[in-house]
Undergrad: 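Sharing a structure, written as structure tokens. Questions coming.
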Amino acid sequence: IRSVDMSDPATQALQPRLLQAQSSGSAGSGAAAAGSGTGNSDPVRPGLSQQQRASQKKAQVRAFPRAKKLEKLGVFSACKASDTCKCNGWKNPNPPSATRIDLQQQAASLSEPCRSCGHALADHVSHLENVSEDEINRLLGMVVDVENLFMSVHKEEDTDTKQVYFYLFKLLRKCILQMSQPVVEGSLGSPPFEKPNIEQVIQSLLQYKFSHLAPKERQTMFELSKMFLICLNYWKLETPTQYRQRTQKDDATAYKLDYTRWLCYCHVPQSNDSLPRYETTQVFGRNLLKSIFTVTRRQLLEKFRVEKDKLLPEKRTLILTHFPKFLSMLEEEIYGENSPIWEADFTMPASESTQIGHQTAVISPTSASGSPALSKCLNSSSSLGSTDTGGVEPITGDKRKLPEALTLEDAKRIRVMGDIPMELVNEVMMTITDPAAMLGPETNLLTPNAARDETARLEERRGIIEFHVIGNSLSQKSNKKILMWLVGLQNVFSHQLPRMPKEYITRLVFDPKHKTLALIKDGRVIGGICFRMFPTQGFTEIVFCAVTSNEQVKKGYGTHLMNHLKEYHIKHNILYFLTYADEYAIGYFKKQGFSKDIKVPKGRYLGYIKDYEGATLMECELNPRIPYTELSHIIKRQKEIIKKLIERKQSQIRKVYPGLTCFKEGVRQIPVESIPGIRETGWKPSSKDKGKEVKDPDVLYNMLKNLLAQIK
Ligand code: ACO
């Protein structure tokens with residue numbers, strides 16, 4: 001990079017304009033002009049102004065008369081006067097002054113000799129004689145992009161970035177010379193670089209965390225996720241040097257590779273449309289997100305805070321209140337080891353309003369766009385789900401297509417054997433979440449099948465109860481509220497566990513190695529679970545668990561406490577609970593998924609867990625894919641969906657057959673398919689069952705008994 005070839009005629013031809021841009025204070029449309037999201041006219045999409053300037057410039061140049069177009073291209077075209085002439089570009093013998101601009105200049109005549117090789121301009125542009133106007137215009141677009149890259153190379157201070165700009169500069173120069181299409185070559189690989197991509201993962205997050213919410217809340221989450229994706233696509237990443245300094249990591253090689261890919265395929269092409277362009281969120285995945293999330297989040301929130309007056313009032317709450325929460329939730333999934341949303345085969349039925357991928361693809365504006373997409377999203381009072389793309393030109397051609405592999409994968413997801421068509425699920429989802437289509441309120445606590453933790457979950461949502469993991473600390477002064485809650489917990493445990501010495505409870509509750517999940521109502525402790533984590537042993541010991549007597553059994557507090565504890569542990573990557581349960585609490589623990597069969601090897605817990613006489617050791621294995629605090633709600637929804645689907649199917653089959661009478665007549669068994677009407681329901685005899693002999697009841701009994709034992 002230090003040896004930019006200044007003797008190159010094209011490079012020299014660029015000099016006056018560089019000076020001009022610098023002296024007039026205009027940054028040109030170089031990609032390098034984009035700051036880290038700061039100091040630009042559009043705070044959220046730093047690339048936009050460069051993009052606009054570049055496209056204006058291209059429109060200007062493309063409107064030139066043919067002679068002037070040829071002169072411009074001649075500067076980047078090899079001399080063809082003789083085989084021996086090595087001149088790579090026509091050099092104007094009367095170079096334009098820095099103050100004159102292209103528009104006012106007369107086109108040089110074709111006979112004008114080159115200042116470098118002495119051959120005429122015509123010798124440099126002879127290859128363009130029969131070339132179509134479209135191709136000439138494409139080449140001119142590259143010329144403008146080369147000029148901009150040239151300025152970027154000069155102005156950029158970061159060495160890594162400068163190198164990439166220079167590489168792209170040379171690449172486009174070569175393509176103009178050879179009239180070819182630019183292809184970034186080398187060891188960067190080709191997009192997509194990661195799977196699943198960020199967009200798919202955000203979609204999974206929506207489904208994983210929010211698909212059970214009411215439509216309005218779901219819409220909010222959808223808007224936030226879309227906003228996040230747009231931000232990411234227009235955000236300028238920190239340079240590898242900045243990354244190294246911030247993270248103190250000596251080896252930032254992986255980040256540098258991603259940064260280079262991002263520059264070549266995503267960032268520079270935003271203002272330089274000669275290069276194929278990809279969206280950051282469609283070609284990168286978890287690795288890049290891990291590297292950039294912390295810093296991007298900080299910058300984004302800061303930006304919104306500073307610019308809050310520019311936001312529409314109705315979007316202000318969304319951005320200032322909900323966006324930080326959304327980002328924190330996303331952060332947990334990015335850095336948490338067990339998050340299922342990163343698995344390539346993550347599937348959950350998608351509901352209509354959570355389909356974000358394709359919409360983000362079309363709302364990315366091109367250079368012609370007047371208003372930035374994000375500001376539009378933030379400031380439009382209409383729902384984001386129907387973002388108006390009017391005046392926003394989707395980027396055309398292959399560049400915008402999702403890579404084929406992803407489309408295929410998506411298709412595969414939908415075609416799971418026996419799966420119900422997504423449209424049908426969506427339709428049913430609409431009826432079960434639309435209050436008008438339902439009888440009575442959505443959550444009817446009086447129904448006999450209301451989930452055990454329904455009340456607790458609702459109370460938490462309404463702010464009536466709260467859950468906090470607290471503990472005593474020796475290194476820092478605990479605040480008064482925490483100490484009061486610890487005393488409260490100690491009281492609840494001693495009342496509810498009368499056989500435990502009070503001093504013993506106090507010692508453990510206040511022991512810094514133990515933590516307690518506290519259930520707070522009206523500022524007071526009404527329950528809790530005291531536990532000790534053994535990360536090296538891969539389990540957590542549940543030491544005390546209690547809810548005050550007047551709040552027990554009817555409200556599901558005990559269940560909701562345990563579910564919160566499960567989620568807390570999934571986040572901390574511990575997937576086993578062990579506890580010595582009191583005789584009379586075994587029933588409760590069983591209902592929370594505990595069993596007396598212990599899978600954790602003895603060697604891992606002996607000597608770690610406290611042993612209690614007369615108590616039973618129980619274990620609970622956690623499944624990191626289950627959102628426990630919402631599980632019963634989700635299952636309820638699934639049951640409702642299935643019920644509706646069955647009803648639909650039934651309504652399609654009108655005929656009612658009389659019941660079977662053969663059993664009354666002494667027949668012991670009949671083939672299933674002989675039941676009238678059964679085939680109309682779509683039932684088919686399974687090929688596995690065909691020709692199988694009916695099992696001897698004793699053999700069957702033993703087989704099932706054996707199976708049951710194994711399941712246990
Ligand atoms: N035995 C059998 N089943 C029980 C018991 C029990 N002692 N306690 C609750 N359950 C059942 C409930 O009936 C309910 O089942 P259902 O929905 O089918 O009716 C289910 O367990 C969960 O009930 P919740 O309302 O969610 O739980 P609750 O708020 O009552 O809290 C708890 C349960 C913490 C056990 C509470 O009853 C309590 O404080 N008990 C006294 C203290 C105690 O025994 N703690 C456990 C000691 S062992 C240890 O700490 C390691």
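None of these values were measured; they are calculated from a predicted model. We count residues from 1, following the sequence as given. In listed order, ligands and their atoms are each counted from 1.
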Undergrad: For atom 43 (C) of ligand 1, which of G558, C545, A615, A546 has the closest heavy atom?
TA: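 Among G558, C545, A615, A546, the closest heavy atom to atom 43 (C) of ligand 1 belongs to C545.
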
Undergrad: Considering only heavy atoms, which of F594, F589, F531 lies nearest to atom 49 (C) of ligand 1?
TA: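 Of the listed residues, F589 has the closest heavy atom.
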
Undergrad: Can you check which of Q592, M618, K591 brings a heavy atom nearest to atom 11 (C) of ligand 1?
TA: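 Minimum heavy-atom distance to atom 11 (C) of ligand 1 goes to K591.
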
Undergrad: Heavy atom under 4.0 Å from ligand 1: found in T559's side chain, backbone, both, or neither?
TA: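 Under 4.0 Å from ligand 1, T559 contributes backbone and side-chain atoms.
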
Undergrad: Going by heavy atoms in the side chains, are I529 and M562 under 4.5 Å from each other?
TA: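 Contact flag for I529/M562 side chains = yes.
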
Undergrad: For ligand 1, which atoms, with element, lie under 4.0 Å from some heavy atom of Y557?
TA: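 Listed by number with element, the hits are 26 (O), 29 (O).
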
Undergrad: Yes or no: does V543 have any heavy atom under 4.0 Å from an atom of ligand 1?
TA: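 In this structure, V543 qualifies as a contact of ligand 1 - some heavy atom is under 4.0 Å.
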
Undergrad: Should E459 and K555 count as an ion pair when the cut-off is N to O under 4.0 Å?
TA: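 So E459 does not pair with K555 through a salt bridge.
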
Undergrad: What are the atoms of ligand 1, with element, lying closer than 4.0 Å to any heavy atom of R452?
TA: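 What qualifies from ligand 1 is 14 (C), 15 (O), 16 (P), 17 (O), 18 (O), 20 (C), 22 (C).
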
Undergrad: For ligand 1, which atoms sit closer than 4.0 Å to a heavy atom of Y580?
TA: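 By the 4.0 Å cutoff, the relevant atoms are 51 (C).
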
Undergrad: Verify the distance criterion only: is there a donor paired with an acceptor across the side chains of Y335 and T294 at less than 3.5 Å?
TA: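 Side-chain D/A pair, Y335 to T294: present.
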
Undergrad: Using a strict cut-off of 4.0 Å, indicate which atoms of ligand 1 neighbour a heavy atom of G587.
TA: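 Reading through ligand 1 atom by atom, the close ones are 2 (C), 3 (N).
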
Undergrad: Relative to atom 39 (O) of ligand 1, which among V547, T616, I542 owns the nearest non-hydrogen atom?
TA: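 Answer by nearest heavy atom: V547.
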
Undergrad: Students often mix this up, so state it plainly: with edges at 30° and 60°, are the rings of H564 and H560 parallel, tilted or perpendicular?
TA: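 The arrangement is perpendicular - the two ring planes meet at more than 60°.
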
Undergrad: Consider ring-ring contact (aromatic ring centres under 6.0 Å, His included). Of F539, F531, Y576, which one does H569 pass it with?
TA: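 For H569, the ring-ring contact (aromatic ring centres under 6.0 Å, His included) check succeeds only for F531.
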
Undergrad: In ligand 1, which numbered atoms sit nearer than 4.0 Å to a non-hydrogen atom of Q496?
TA: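 Once the distances to Q496 are compared, the set is 41 (C), 42 (C).
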
Undergrad: For ligand 1, which part of F544 has a heavy atom less than 4.0 Å away: the side chain, the backbone, both, or neither?
TA: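 It is the backbone that gets close, since no side chain atom is under 4.0 Å.
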
Undergrad: What I want to find out is whether R457 reaches E454 closely enough, with some N-O distance under 4.0 Å, to be called a salt bridge.
TA: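 E454 and R457: salt-bridged.
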
Undergrad: Is E640 salt-bridged to K643, going by a charged N under 4.0 Å from an acidic O?
TA: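 No, this pair does not count.
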
Undergrad: Going by distance alone, is a donor N or O of one side chain under 3.5 Å from an acceptor N or O of the other, for S595 and E619?
TA: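 No, no side-chain donor-acceptor contact under 3.5 Å.
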
Undergrad: Closest non-hydrogen protein atom to atom 25 (O) of ligand 1, residue and atom name please, with distance?
TA: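 Heavy-atom neighbour on the protein nearest atom 25 (O) of ligand 1: V553 O, 3.0 Å.
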
Undergrad: Which protein heavy atom lies closest to atom 10 (N) of ligand 1, and at what distance to 0.1 Å?
TA: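 Nearest neighbour among protein heavy atoms for atom 10 (N) of ligand 1, to 0.1 Å: Y588 CB, 3.9 Å.
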
